[in-house]
Visitor: 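Just passing along the structure, written as C-alpha cells.
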Amino acid sequence: MSDAQFGGSRAFPRHLLATDTEAAAVRLIGARLIRGSHLDGQVGRIVEVEAYIGEEDMASHARFGMTRRNARMFGPPGVAYVYLVYGMYHCLNVVTEAEGRAAALLIRAVEPLGGEDAMRAARIRWAHDRSRGRGAPARTRASIRIQALPRARLASGPGLVCAAFSIDRGADGVDLCDPGSDLRLELADEDEPLPVATAPRVGISYAPEPWRSRKWRFFVPGNESISSRASLGRVVQP
DNA sequence: GCAAAGATTTGCT
DNA sequence: GCAAATCTTTGCC
C-alpha cells in the first residue's frame with residue numbers, strides 16, 4: 001500500500017492548532033490519525049470532533065482550573081491529552097491554543113482508511129482485557145461481534161477510537177504534530193474539503209447554559225463513521 | 001478520608 | 001429505552 005492509496009498526506013502544521021479552537025476543529029475534520037507505519041499501521045480520517053474551550057467552559061475538564069488530570073490542556077498545542085472516562089474508556093484530545101490557555105479537541109470518530117485488520121485486532125484485544133473474569137463465552141461473543149462490524153463502525157465513538165488505535169494513558173503527552181511519533185496527525189491532501197456540520201456537544205447535560213447549547217461538535221454530515229450519538233446540525237463554511 | 005459523578009458503550013428488558 | 005460495568009478525579013467532611 002502506498003500513500004497514493006490514501007490520497008497523500010503530510011505532517012499536520014502545529015500553527016493550525018495554535019489559535020482559535022473552532023477554526024482548528026474545522027481544520028482537523030478530514031485530517032489523518034495514524035498509528036505506526038502506513039504499511040502495517042492504522043490510518044483513518046477524523047470525521048467528528050468536539051471543542052472544549054477555556055476555563056470558563058463549564059463543560060470542560062478545565063472548569064475547576066488546572067488540576068493534575070487536565071494540566072495537558074494548559075500546555076502547548078498539538079500534544080495529546082488522554083484521560084480515562086467511566087473507569088474503562090480512554091478519550092483522545094488534541095490540545096489547542098497558546099500554552100497557558102486550556103483548550104482541546106476531543107476526537108469523537110474516525111473513518112478507517114487503512115489497517116482495518118489491525119483495528120479489529122486492537123478492538124478485540126481491548127474487549128478481552130475488559131472481559132477478564134466474565135468467562136470465555138463473553139470473550140467469544142465480543143470477538144464475533146467485532147469481526148462482524150462494518151469497516152466504517154470500527155472507530156465510531158471516542159472510546160472506540162482509542163480502542164481501535166490502542167490509545168491509553170501512555171499516549172498522554174505525545175506530540176501529535178511530530179512525524180516521528182508512533183501516534184500522530186497528518187494533513188490530508190484532498191481534492192475537496194469535506195463538508196462540516198455543527199451541533200451541541202454530547203454527554204454534557206451537567207453543564208449550565210450557554211455551554212450546554214454551544215454548537216461545538218463538528219462532524220461530516222451523512223458520514224457512516226460518525227458516532228451513534230451524532231445528529232444533524234447546521235452546515236458551516238470550512 | 002469518603003461519597004458521588006463522569007467528554008461511554010453494550011446488552012438486556 | 002434503561003441500567004450496568006468500572007475507577008479516577010473531584011468536592012466536601
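Convention: sequence-line order gives letters A, B, ...; per-chain numbering from 1.
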Visitor: Is any side-chain heavy atom of A/Ser156 closer than 4.5 Å to one of A/Ser228?
Guide: no
Visitor: Using atom CZ of A/Arg145 as one end and atom C1' of B/dG11 as the other, report the distance to the nearest whole Å.
Guide: 9 Å
Visitor: For a quick test of reading the model: is some side-chain N or O of A/Arg141 closer than 4.0 Å to OP1 or OP2 of B/dG11?
Guide: no
Visitor: What contact category does A/Ala142 fall into here, base, sugar-phosphate, or nothing, at under 4.0 angstrom with non-hydrogen atoms?
Guide: nothing
Visitor: Does the side chain of A/Leu33 come within less than 4.5 Å of A/Leu92's, by heavy atoms?
Guide: yes
Visitor: Which part of the nucleic acid does A/Phe64 contact within heavy-atom distance under 4.0 Å: base, sugar-phosphate only, or nothing?
Guide: sugar-phosphate
Visitor: Determine the interatomic distance between P on B/dA5 and the same-named atom on C/dA3; round to the nearest Å.
Guide: 15 Å
Visitor: Once you round it to whole Å, what is the distance between P of C/dT10 and CE of A/Met58?
Guide: 14 Å
Visitor: Work out how far the C1' atom of C/dG1 is from that of B/dA7, and round it to whole angstrom.
Guide: 22 Å
Visitor: Quickly work out the A/Tyr206 OH to C/dT10 P distance and round it to whole Å.
Guide: 12 Å
Visitor: Assign A/Arg68 to base, sugar-phosphate, or nothing according to its heavy-atom contacts below 4.0 angstrom with the strands shown.
Guide: nothing
Visitor: Provide, to the nearest angstrom, the distance between the CE atom belonging to A/Met88 and the C1' atom belonging to C/dA3.
Guide: 12 Å
Visitor: What does A/Arg69 touch in the nucleic acid at a heavy-atom separation under 4.0 angstrom: a base, only the sugar-phosphate, or nothing?
Guide: sugar-phosphate
Visitor: Round to the nearest Å and state the distance from A/Met73 atom CE to C/dT9 atom P.
Guide: 15 Å
Visitor: Contact class for A/Arg123 (heavy atom, under 4.0 Å): base, sugar-phosphate, or nothing?
Guide: sugar-phosphate
Visitor: State, with a plain yes or no, whether a side-chain heavy atom of A/Val43 is found less than 4.5 Å away from one of A/Glu186.
Guide: no
Visitor: For B/dA7 and A/Arg217 - does any side-chain N or O of the residue sit under 4.0 Å from the phosphate oxygens OP1/OP2?
Guide: no
Visitor: Check the angle between the aromatic planes of A/His61 and A/Tyr83 and answer parallel, tilted or perpendicular using the 30° and 60° thresholds.
Guide: perpendicular
Visitor: Counting only distance, no hydrogens or angles, is the base of B/dA5 paired donor-acceptor with the side chain of A/Tyr86 under 3.5 Å?
Guide: no
Visitor: Can a salt bridge be assigned to the pair A/Glu116 and A/Arg123 using a cut-off of 4.0 Å between side-chain N and carboxylate O?
Guide: no
Visitor: Check this for me, if you would: do A/Arg201 and A/Glu50 make a salt bridge, where the nitrogen-to-carboxylate-oxygen distance has to be below 4.0 angstrom?
Guide: no
Visitor: So what's B/dA7 paired with, Watson-Crick or G-U wobble, going by both distances under 3.5 Å?
Guide: none
Visitor: Report which part of the nucleic acid A/Arg169 touches: base, sugar-phosphate, or nothing (heavy-atom distance under 4.0 Å, all strands).
Guide: sugar-phosphate
Visitor: To the nearest Å, how far apart are A/Trp126 CH2 and B/dT9 P?
Guide: 9 Å
Visitor: What's the CD-C1' distance between A/Glu55 and C/dT10, to the nearest Å?
Guide: 16 Å
Visitor: Identify which nucleotide among C/dT8, B/dT8, B/dT9 has an atom closest to any side-chain atom of A/Arg108, counting heavy atoms from C-beta outward.
Guide: B/dT8
Visitor: Give the rounded distance in Å between these two atoms: CZ of A/Arg212 and C1' of B/dG6.
Guide: 15 Å
Visitor: Now, which nucleotide makes the Watson-Crick or G-U wobble pair with C/dT6, with each of the two distances under 3.5 Å?
Guide: none
Visitor: Does C/dC7 have OP1 or OP2 sitting under 4.0 Å from an N or O in the side chain of A/Arg130?
Guide: no
Visitor: Looking only at side-chain N and O atoms, does A/Ser60 come under 4.0 Å of OP1 or OP2 in B/dA7?
Guide: no
